[in-house]
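These numbers were taken from a predicted model, which means no experiment stands behind them.
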Amino acid sequence: MCGIVGIVGKSNVNQALYDALTVLQHRGQDAAGIVTSHDGRLFLRKDNGLVRDVFQQRHMQRLVGHMGIGHVRYPTAGSSTSAEAQPFYVNSPYGITLAHNGNLTNVEQLAKEIYASDLRHVNTSSDSEVLLNVFAHELAVRGKLQPTEEDVFAAVKDTHKRCRGGYAVVAMITGYGIVGFRDPNAIRPIVFGQRHTDEGVEYMIASESVALDVLGFTLIRDLAPGEAVYITEDGKLHTRQCAPNPHYAPCIFEHVYLARPDSIIDGISVYKARLRMGEKLAEKIQRERPEHDIDVVIPIPDTSRTSALELANQLGVKFREGFVKNRYIGRTFIMPGQAARKKSVRQKLNAIELEFRGKNVMLVDDSIVRGTTCKQIIQMAREAGAKKVYFCSAAPAVRYPNVYGIDMPSAHELIAHNRSTQEVADLIGADWLIYQDLPDLIDAVGGGKVKIDHFDCAVFDGKYVTGDVDEAYLSKIDTARNDMAKVKTQAVSAIIDLYNN
């Protein structure tokens, strides 16, 4: 879950890229980077940290050029070394920089091919650098001094043939243009739009439509599965389907948690999808406990607020804000390591005793992953005087790891893995726990005007849409993603950064 942006403008794009990354900051708080192009030269700034901390005035002044790409990083394997901040760069051919959201499931095979066959060196453990080298090689074999849009689309087509997994990409070809492309299953989101200025038409590619909205761009549409868009430096737009058998299977967790509610993804309003999630939850509660004794519905800020509001409306129960959020603390889902997550919950939320004292409270969250956060929140509700604490998840039980770019932990760290709903309720300390049913979630997300027949729901049902994920692969990522491995990785990263600085 990273955020990507690319802009081809008529004047310097540094401020627009900065603003877009700020809007997309919820997609990654680990690192940020911007690269621009001017007169055949590249200007790059990237480092660990939030957008506001990575880019100071002196950095922005050096990021000249009317074409550039940007990235906010969220580590899919827990690494936080600044060496893996994006965009990445290769000098051949032409000078290409690339930013990527997602995860390649065949990255080890590709890394071997790059070295043995393509004769290219990869300097980090990031699959984004591998993807960059694959794309660069496929563009280089065209053998053109000046690449055309046909060459770019052919390179994307051959990249699709070699790469497996979920990926949304922006890449800048120095002196020529920016290309964006999406994996053949459309797992990760990517959109493009335009705005008219006195100097002419400017184009933007981004992870979410909200980035376009804030900067005054008009959404044209999402990229289709396997499709690529190429915008030349002089502002000509070309699109092409580059995959032989594409089909929609977008990640449903984007609508549950990852995306901002004011975004439109694949024609589906995230806000409306979350409203419908609340409706479905209310229907389930009414089926299972028509004589429920819920006094008040309280959301756990911020992602669950929309679902919780509609849940309360449907049940005819009071909706109240019972927690005050410190907005200067990051999203706990994103923080690597249990220690950081546990510490941040109490710093991030504080209960309003007035809304809890003597009441049967239904707490609503978007999902339950490790269970660490909700356990502490339930305890906070009890300490504030709640008589009973019920807990409601707008998503089904998360039982399986994500392999397409979301750092959901190894299976044994998922609280619902191999456990019943009652067992999870006992572990988190809830008097009653209710999960969204998967068919209801699918109906909530896909129940609008735009119909998508299939979603990637692997974290809920264990069915991986790329067809190349087996027990051996899951065991391998389990080793890489468990919290102990992340602690070791962070220690090594800290030593490397200390040495480099």
Side-chain angles (χ1 to χ4, degrees), residues 1-2 27-28 30-31 73-81 83-84 86 100-114 122 124-131 134 162-168 183 185 187-188 249 251-254 256-258 332-338 340-341 367-372 395-419 456-493:
M1 189 185 83
C2 298
R27 300 191 67 88
D30 183 63
R73 179 177 184 269
Y74 152 78
T76 55
S79 173
S80 296
T81 173
E84 298 198 1
Q86 298 183 41
H100 161 229
N101 172 32
N103 188 57
L104 301 182
T105 54
N106 64 337
V107 65
E108 290 189 3
Q109 173 194 336
L110 288 172
K112 293 175 183 176
E113 291 177 4
I114 287 170
V122 177
T124 71
S125 60
S126 172
D127 61 340
S128 303
E129 190 184 12
V130 172
L131 179 55
V134 171
R162 296 178 65 179
C163 295
R164 303 294 296 272
Y167 50 91
D183 70 83
N185 294 292
I187 297 172
R188 302 263 67 87
C251 174
I252 203 166
F253 210 74
E254 288 281 350
V256 171
Y257 173 81
L258 304 182
T332 52
F333 178 91
I334 293 175
M335 294 179 181
Q338 282 289 76
R341 282 187 293 271
S367 59
I368 303 172
V369 182
R370 295 170 178 86
T372 308
V398 176
R399 303 185 187 280
Y400 306 92
N402 183 279
V403 300
Y404 301 127
I406 307 173
D407 188 29
M408 286 191 175
S410 59
H412 74 270
E413 291 176 351
L414 298 168
I415 193 169
H417 183 69
N418 288 334
R419 290 191 177 101
D456 167 47
C457 303
V459 297
F460 307 124
D461 61 13
K463 299 175 182 177
Y464 297 93
V465 297
T466 54
D468 60 341
V469 177
D470 55 18
E471 287 301 321
Y473 181 85
L474 292 176
S475 177
K476 190 176 297 183
I477 66 168
D478 182 276
T479 302
R481 290 186 177 188
N482 68 69
D483 278 338
M484 186 56 68
K486 291 177 183 179
V487 170
K488 293 178 181 177
T489 302
Q490 290 164 4
V492 173
S493 299

Going from [atom1] on [X] to [atom2] on [Y], what distance comes out if it is rounded to the nearest 0.5 angstrom?
| X | Y | atom1 | atom2 | result |
| --- | --- | --- | --- | --- |
| Asp461 | Tyr400 | CG | OH | 7.5 Å |
| Ser126 | His100 | OG | NE2 | 8.0 Å |
| Arg162 | Leu104 | CZ | CG | 11.0 Å |
| Ile252 | Ile187 | CD1 | CD1 | 13.0 Å |
| Met1 | Cys251 | CE | SG | 10.5 Å |

Taking all non-hydrogen atoms of both residues, which atom of [X] and which atom of [Y] are closest, and how far apart?
| X | Y | answer |
| --- | --- | --- |
| Cys163 | Val134 | SG-CG1, 4.2 Å |
| Ala411 | Pro401 | N-CG, 3.9 Å |
| Val256 | Ser367 | CG1-CB, 4.3 Å |
| His412 | Asp478 | ND1-OD2, 3.4 Å |
| Phe253 | Val459 | CD1-CG2, 4.3 Å |

Mark yes or no for whether [X], through its side chain, and [Y], through its backbone, hold a donor-acceptor pair below 3.5 Å.
| X | Y | answer |
| --- | --- | --- |
| Asp183 | Gly166 | no |
| Tyr404 | Asp456 | no |
| Asn103 | Asp127 | no |
| Glu84 | Thr124 | no |
| Arg27 | Cys2 | yes |
| Arg399 | Gly462 | no |
| Asp470 | Ala472 | yes |

Minimum side-chain heavy-atom gap [X]-[Y] below 4.5 Å:
| X | Y | result |
| --- | --- | --- |
| Val403 | Tyr473 | yes |
| Arg164 | Gln109 | no |
| Ile406 | Arg188 | yes |
| Val107 | Leu131 | no |

Derivation of the side chain to side chain contact (heavy atoms under 4.5 Å, CB included) call for Phe460 and Val398: CA-CA 5 Å; Phe460 307 124; Val398 176; 3.7 Å; yes
Pair Thr105-Tyr464, side chain to side chain donor-acceptor pair (under 3.5 Å): steps then yes or no: CA-CA 11 Å; Thr105 54; Tyr464 297 93; over 6 Å; no
